[in-house]
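Taking it in order: structure first as structure tokens, then the write-up.
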Amino acid sequence: MLPRSTGLLINDYTSFWPAQTLLGGLYIYEFLVEQFKAVKRGWLSFTHQISSINSLMLTYSYKYVNDCVIITSVMDVKNTFFKGIKPADDGSRSAILQTRVGRVMTPIFMPDGTRGVVKSLTPEQVESTGVQVVLANTYHLHLQPGEQVVSALGGVHGFGKWRGPILTDSGGFQIFSLSKLRKITEEGVEFKHPVTGEMRLITPEKSIQIQLELGSDMIVAFDHLTGLDNKSRKDVLEAYERTHRWLERCIKEFERLTVDMPEEQKPILFGVVQGGLDKELRRKSLEIVQSSNVGGIAIGGLSVGETKAEMYDILNFLTNYYDNSPRPRFLLGVGDPPDIRYAIEHGIDMLDCVLPTRNARHATVWVAGDKKIHLTNSKYIDDNSVIDPGCDCYTCESGYSKGFLRHQFKVKEPLAGTLCSIHNLRYLVRICEEYRGGQPA
RNA sequence: GUGCCUAUAGCUUAGUUGGUUAAAGCGUCGGGUUGUGGUUCCGAAGAUCGAGGGUUCAAGUCCCUUUAGGCACC
């Protein structure tokens, strides 16, 4: 329960209608109090049915600042799953993505919880950063402990206790990046189990089956990825063509397995655009994916070794060919702040990356201006300042000094990685929030 | 007092019958990381081999003296 003294501030949200004009602060406060019983701190968005006013379904995003509740956005939502798309002058767009377990606001950054959890963080800590969606990896969970086990333990939600939406990767990337022994055929990819040594076959159908059994809310088609080595045009072309053949099989399998599900209970399937750095292939690939029966468009095969300029070039190029269908665009594997900004300003709605959490565990954190610092540097040994005084993450607001964090990293105390993961995630989420129609106070 | 053992980078050690710029781990310092093989990866600095003398073309390696620490015996 919020203390009576807690005030309510509503941002001047000119780009969003009609909440702040229709509803007085007091009115919102009345029902927010009920909602806040469950969530003590965070930026979770939630919806509330206001029966007295036109039966509007509104989604609110809020945060605490100095013990005040601040509504950072209020949006009207209809029934389709990607709604309220609002383009901005800078090329970005904000919207609401409706999943079967809740709505999230885009643009959105999604941390990778490879094995069912974001490393070193509890779900509550992840929530506190404003993260709305978490990724899990099909490849890892399939190998260990297996999708049947995860399913028996309540699916990815019950398993890792993340209440928000979960997106699973197809497993394709890991097979290509982590498995030394692998054989790619038209049927699928055969690879050696890294632990048991036995050969496993993952097909497009199998990947969809696993992801559905895991209980994921958003799933990704099994694609053929190139770009990890010096690739020839022939390889790129082959991967590109195979990706599209596999996409058809993924869609068919997805439709078969979800045919009896109510529409609102179906996960969202993302098709993957490939084509390497070849613009013609990229354009055609986008065209093919967009003309397919998929709920979302994923851009794959970037941030895998090419230069930033090359990646930017492709992202910029693709903006000319996105269609008008209300589908989210998901850029796979990008998490460097400047890259995130560039992607969002070129029409990307969703991104995931291991960078914030991996860097954090290795003592590298972002500070204002997208600069990164190494907390283990000796100059921080007696530095009593927080990572970033302008940051509102738990770590910075609690006052953990750089000197303290440096010491904990030096003695390998895991808490240091946890605290910095919270900071880095918050940093990326704040970038996304800047594009959601306005900046929180 | 006598005998024996040890002494190599900040720490712990490797250095083969004496043979090219004395090696490694940890630590220190710096960097990398983009659909995550948990506590990672890469690089750098850092040693006049306890000290002094001798033998030899050549000594961390052999000899002598000496210093410090350890063990054993008087």
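Source: prediction; values computed, not measured. Reminder, nothing fancy here: chain letters follow the sequence lines and each chain counts from 1. Atoms considered below: every heavy atom in the structure, side chains included; atoms not considered: hydrogens, waters and symmetry mates.
- Across U20(B) and C29(B), the matching C1' atoms stand 30 Å from one another, rounded to whole Å.
- Contacts with RNA chain B (heavy atom under 4.0 Å) in residues 334-358 of chain A: V334(A), G335(A), D336(A), D339(A), D352(A), C353(A), V354(A), L355(A), T357(A), R358(A), listed by number.
- Taking atom OH on Y139(A) and atom P on G38(B), their separation rounds to 10 Å, with Å as the unit.
- A51(B) and A47(B) have their P atoms separated by 14 Å, with the value rounded to a whole Å.
- Checking the phosphate oxygens (OP1, OP2) of C29(B), a side-chain nitrogen or oxygen of R406(A) falls inside 4.0 Å.
- Between the C1' atoms of U61(B) and U17(B), the separation comes to 11 Å (whole Å).
- Listed nucleotides U33(B), C29(B), G27(B) differ in distance to K410(A); the shortest reach to its side chain belongs to C29(B).
- A heavy-atom distance below 4.5 Å is found between the side chains of F270(A) and M218(A).
- Contact record, I314(A) with G276(A): CD1-O, 4.1 Å, taken as the closest heavy-atom pair.
- In this structure, K308(A) places its NZ atom where more than 12 heavy-atom neighbours from other residues, nucleotides or ligands lie under 6.0 Å away.
- In this structure, Q274(A) reaches the bases: a heavy-atom distance under 4.0 Å links it to at least one base atom across the strands shown.
- Taking the side chain as every heavy atom from C-beta outward, D349(A) and F82(A) approach each other to under 4.5 Å.
- As a whole-Å value, the separation of F409(A) CZ from G30(B) C1' is 16 Å.
- Under the 6.0 Å cut-off for aromatic ring centres, Y139(A) and F191(A) qualify, their centroids lying closer than that.
- If you measure from atom CD of E306(A) to atom P of U33(B), you get 13 Å, rounded to the nearest angstrom.
- Other residues, nucleotides and ligands contribute only 12 or fewer heavy atoms inside 6.0 Å of the CD atom of Q144(A).
- To the nearest angstrom, P of U33(B) lies 14 Å from CG of L428(A).
- Here the P atom of nucleotide U33(B) and the CG atom of D112(A) are 17 Å apart, to the nearest Å.
- Minimum interatomic distance between V101(A) and P165(A) (heavy atoms only, all atoms of both residues): CG2-CA, 3.4 Å.
- If you check residues 370-379 of chain A against RNA chain B, the residues with a heavy atom closer than 4.0 Å are K372(A), H374(A), T376(A), N377(A), S378(A), listed by number.
- Put simply, the side chain of W366(A) does not reach to within 4.5 Å of the side chain of D388(A), judged on heavy atoms.
- Every stem involving RNA chain B, taken as at least 3 paired positions in a row under the Watson-Crick or G-U wobble test at 3.5 Å, is listed here: B:1-7 with B:67-73, B:10-13 with B:23-26, B:28-32 with B:40-44, B:50-54 with B:62-66.
- Dashed line: the shortest gap from a side-chain N or O of R361(A) to OP1 or OP2 of U40(B) is not under 4.0 Å.
- Taking only side-chain nitrogens and oxygens, R115(A) comes nearer than 4.0 Å to OP1 or OP2 of G38(B).
- Counting heavy atoms from C-beta on, the side chains of Q408(A) and L415(A) never come closer than 4.5 Å.
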